[in-house]
Amino acid sequence: MELFAVPGLPEIREGDDLAALIDERVDLRPDDVVCVASTVVSKAEGRVRDYDDFSPSPRARELADRLEAATGDSKDPRFAQAVLEESTEIILAEPFLLTASRFGHVGVNAGIDRSNVADGDLLLLPKRPTESADRIRSGLPADRVVVTDTCGRPFRHGQRGVAIGWSGLPASRDWRGEHDRDGRELGVTVQNVVDELAAAANLVAGEGDGGTPVVVVRDFEFGDHAGSDAHFRDVETDFVRQALREWRYD
Ligand code: GDP
Ligand code: MN
Ligand code: MN
Ligand code: MN
């Protein structure tokens, strides 16, 4: 398996046809996995916003005040309003806003990004990233697309790439029922393939001014395993999320 960045992509703007821009720059093969940073998907889909697009509700003002008290840094209530509008649930209100986005992804600040946004203050995540992945895929000769974002995680320092949308391959590879080297049957292992591809692609894409939001994964074989599209946990079976909610200082 090999990974390489698509060279020479321009600054992406609302209405740009990402698939066409990619297709012009690389000879894709049907079994390539094209990993696209959500940043450029959002830009193409017109998800750039300014602070002034958000008028803070009393709830947003209260959240901003709480964050400011907890961190000592000033917080813009318009930003808190943007996070609220993108979220269905606040999981942690301090010392940072951890929320569930409308499409199920849990992230800090609902994944709203302030880096690599040329035409405004804020960049919202794509509204429905799996539909974005479907759309990009339909314009490409490659049959597999993953939309990625850089995301933090509990228990570990640093951020890494995760998949927030995918098309043309299952999210996970199910190892249950297969055997280890001692013949022991695997009982629980479901490998999240789209997250692992997203992490590898994100490593190549970088985080700064590299200008390489699209990475091709070539010769990745899903193999002869059962697949599953389960990706974001349901609230009911997410014990960590439930525990955090119980421990929220409200
Ligand atoms: P995110 O992880 O989806 O939030 O995206 P990042 O802001 O980390 O950017 C990932 C990569 O895409 C970096 O190499 C950026 O320089 C690059 N990038 C971001 N926006 C654009 C753009 O509009 N055009 C190009 N060519 N590269 C971009
Ligand atoms: Mn960014
Ligand atoms: Mn981002
Ligand atoms: Mn990133």
Side-chain angles (χ1 to χ4, degrees), residues 3-14 16 18 21-22 33-51 53-54 75-76 78-88 91-92 96-133 135-136 145-154 156-166 192 194-217 231-232:
L3 292 91
F4 57 91
V6 174
L9 285 163
E11 178 65 31
I12 302 301
R13 302 221 135 80
E14 179 167 6
D16 282 350
L18 268 181
L21 290 169
I22 297 166
V33 187
V34 179
C35 298
V36 187
S38 53
T39 289
V40 291
V41 177
S42 292
K43 287 176 183 175
E45 294 180 0
R47 302 280 284 161
V48 176
R49 296 289 182 275
D50 289 317
Y51 283 109
D53 295 331
F54 298 94
K75 298 289 172 188
D76 193 320
R78 296 170 299 177
F79 185 75
Q81 180 65 29
V83 174
L84 280 178
E85 290 182 20
E86 288 299 297
S87 303
T88 54
I91 296 162
L92 269 182
F96 49 82
L97 276 173
L98 181 71
T99 76
S101 73
R102 298 192 174 278
F103 62 90
H105 171 63
V106 171
V108 173
N109 296 330
I112 297 175
D113 209 323
R114 282 170 288 198
S115 69
N116 286 319
V117 194
D119 298 331
D121 301 322
L122 307 172
L123 190 59
L124 313 180
L125 285 180
K127 244 194 179 111
R128 282 181 278 276
T130 284
E131 288 176 22
S132 308
R135 210 158 36 237
I136 295 166
V145 169
V146 175
V147 175
T148 70
D149 193 25
T150 302
C151 199
R153 58 266 165 86
R156 308 173 85 87
H157 284 292
Q159 294 85 38
R160 53 85 228 257
V162 296
I164 60 169
W166 63 97
N192 192 312
V194 288
D195 269 350
E196 295 197 316
L197 292 170
N202 201 54
L203 190 61
V204 175
E207 302 292 350
D209 61 1
T212 46
V214 181
V215 171
V216 177
V217 182
H231 187 63
F232 303 116

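Heavy-atom basis, side chains included; hydrogens, waters and symmetry copies ignored. Throughout, numbering of the chain's residues begins at 1 and tracks the sequence. Counting convention: from 1, in listed order, for ligands and their atoms alike.
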### Summary
The salt bridge (charged side-chain N to carboxylate O under 4.0 Å, His left out) partners of Arg128 (sequence neighbours excluded) come to Glu131
### Every N, O or S from the protein that is nearer than 2.8 Å to the Mn ion (ligand 3)
Asp113 OD2, Asp149 OD1
### Query
Mind checking what makes side-chain contact (heavy atoms from CB on, under 4.5 Å) contact with Asp195, not counting sequence neighbours?
Val162, Ala163, Asn192, His231
### Task
Check Glu207 and report its N/O/S atom nearest to the Mn ion (ligand 4), by atom name.
OE1
### Query
Ion pair present between Arg49 and Glu85, side-chain N to carboxylate O less than 4.0 angstrom?
no
### Task
For the pair Asp119 and Arg13, find out whether any cationic side-chain nitrogen is under 4.0 Å from an anionic carboxylate oxygen.
yes
### Query
What residues, two or more places apart in sequence or in another chain, satisfy side chain to side chain donor-acceptor pair (under 3.5 Å) together with Ser42?
none
### Summary
d(Phe54 CZ, Leu84 CG) to nearest 0.5 Å is 10.5 Å
